Amino acid sequence: MHRDNLKILGFKTSINSVEETLNQIDEIKKDGEIIQLLNADSIAGRNHIAHGVNQAFLAFERGENLAKDISVEIALRCSAQRQISKAFKILGLKEGEMNLCAVLINCSDYARELSSIFTVDGSVLTPNNDELMNIYGIGEDEVKNFSVEEIIIDRITKLTVDY
């Protein structure tokens with residue numbers, strides 16, 4: 001398993017059925033490609049995603065993965081959680097209006113295919129620090145010394161240390 005060619009794209013959408021949306025994504029990608037859709041409102045920036053993806057692949061390489069599936073492991077690591085249910089509560093898809101972060105790994109360029117399903121909007125990847133502090137339980141005292149993104153990245157790293 002390798003991680004090459006990481007692309008992070010932003011979209012707006014309205015989801016009628018999470019299952020149907022995931023099936024549409026499965027129809028696009030080929031074997032060995034990963035398209036992981038995450039709730040963009042819970043993303044602190046590209047470094048947050050890149051670090052979570054890297055940690056997920058490293059966990060599989062070391063046999064320290066918490067999930068059987070690399071896509072689920074990416075959600076776990078990016079959410080800085082050990083429990084799948086908590087990870088999906090933070091980063092998972094939900095029905096209704098939603099900002100999406102599409103993480104493409106080892107993929108062809110599917111921007112056109114994805115934009116036929118979702119509305120391209122890179123602005124959804126601009127973090128809302130107040131919202132992120134609430135989502136991740138980050139205190140005011142913590143952001144005096146580090147950015148919200150740095151704090152989340154540190155928590156992702158600690159998942160590995162605490163293993």
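No experiment lies behind these values; they were computed from the predicted model shown.
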Go through Arg77 and His51 one step at a time and tell me if the side chain to side chain contact (heavy atoms under 4.5 Å, CB included) criterion holds.
CA-CA 8 Å; Arg77 299 294 167 159; His51 188 69; over 6 Å; no

Identify which one of Val148, Leu132, Asn129 satisfies the side chain to side chain contact (heavy atoms under 4.5 Å, CB included) criterion when paired with Ile138.
Val148

Glu33 (side chain) donor-acceptor with Ser108 (main chain) under 3.5 angstrom
yes

Minimum side-chain heavy-atom gap Glu140-Met133 below 4.5 Å:
yes

With respect to Asn99, which candidate in Thr13, Thr126, Asp41 satisfies the side chain to side chain donor-acceptor pair (under 3.5 Å) definition?
Asp41

Tell me, do Val103 and Leu6 make a side-chain contact under 4.5 Å, heavy atoms counted?
yes

Can you sort out the partners of Asp154 under salt bridge (charged side-chain N to carboxylate O under 4.0 Å, His left out), two or more places apart, ordered by chain and number?
Lys158

Closest heavy-atom pair and its distance - His48, Ile152
NE2-CG2, 3.5 Å

Rounded to the nearest 0.5 angstrom, the CD1-CD1 distance for Ile105 and Ile70 is 7.0 Å

Is there a donor-acceptor contact under 3.5 Å from the side chain of Glu73 to the main chain of Leu66?
yes

Considering residues, nucleotides and ligands other than Arg112, do more than 12 of their heavy atoms fall under 6.0 Å from its CZ?
no

Side-chain heavy atoms of Ile49 within contact of Leu125, under 4.5 Å:
no

Closest non-hydrogen atom pair, Tyr110 against Lys30
OH-NZ, 3.3 Å

Nearest 0.5 Å please: distance from the CD1 atom of Ile34 over to the CG atom of Asn106.
6.0 Å

Indicate if Ile153 and Leu38 have the same hydrophobic cluster label, given that clusters are the connected sets of ILVMFWY residues with side-chain heavy-atom separations under 4.5 angstrom.
no

Please report the shortest heavy-atom distance between Ile135 and Ser42, naming the atom on each side.
CD1-OG, 3.5 Å

Is there a side chain to side chain contact (heavy atoms under 4.5 Å, CB included) between Leu76 and Arg82 once you walk through the steps?
CA-CA 6 Å; Leu76 281 168; Arg82 294 187 168 286; 5.7 Å; no

Closest non-hydrogen contact found for Ala67 with Val72 is CB-CG1, 3.6 Å

Verify, without hydrogens or angle tests, whether Asn5 (side chain) and Cys107 (backbone) share a donor-acceptor contact under 3.5 angstrom.
yes

Excluding sequence neighbours, so at least two apart, what forms side chain to side chain donor-acceptor pair (under 3.5 Å) with Arg46?
none

Could you go through Phe118 and Leu9, starting from their C-alpha distance and side-chain angles, then the distance that decides it, and tell me whether this counts as side chain to side chain contact (heavy atoms under 4.5 Å, CB included)?
CA-CA 11 Å; Phe118 313 120; Leu9 305 170; over 6 Å; no

Would you check, one step at a time, whether the test side chain to side chain contact (heavy atoms under 4.5 Å, CB included) holds for Val124 with Phe11?
CA-CA 7 Å; Val124 302; Phe11 297 96; 5.8 Å; no

Between atom NZ of Lys29 and atom CD1 of Ile25, what is the distance when rounded to the nearest 0.5 Å?
8.5 Å

Could you measure the distance from the CD atom of Gln55 to the CD1 atom of Ile74? Nearest 0.5 Å is fine.
12.0 Å

Roughly how far, to the nearest 0.5 Å, is CD1 of Ile15 from CG of Leu93?
4.5 Å

If I compare all heavy atoms of Ala75 with all of Ala87, which pair ends up nearest, and what's the gap?
O-CB, 3.8 Å

Expected output: side-chain Arg155 to main-chain Tyr136 donor-acceptor under 3.5 Å:
yes

Going by heavy atoms in the side chains, are Leu100 and Leu114 under 4.5 Å from each other?
no

Can a donor-acceptor pair be found, under 3.5 Å and without considering hydrogens, that links the side chain of Ser79 to the backbone of Leu91?
no

For Ser123, check side chain to side chain donor-acceptor pair (under 3.5 Å) against everything at least two apart and list the hits.
Asp121

Heavy-atom nearest pair, Ser147 first then Glu150, reads N-OE1, 2.8 Å

Quick one: pull up CD in Glu27 and CG in Leu22 and give me the separation to the nearest 0.5 Å.
11.5 Å

Please determine whether the number of non-hydrogen atoms from other residues, nucleotides or ligands lying under 6.0 Å from atom NZ of Lys86 exceeds 12.
no

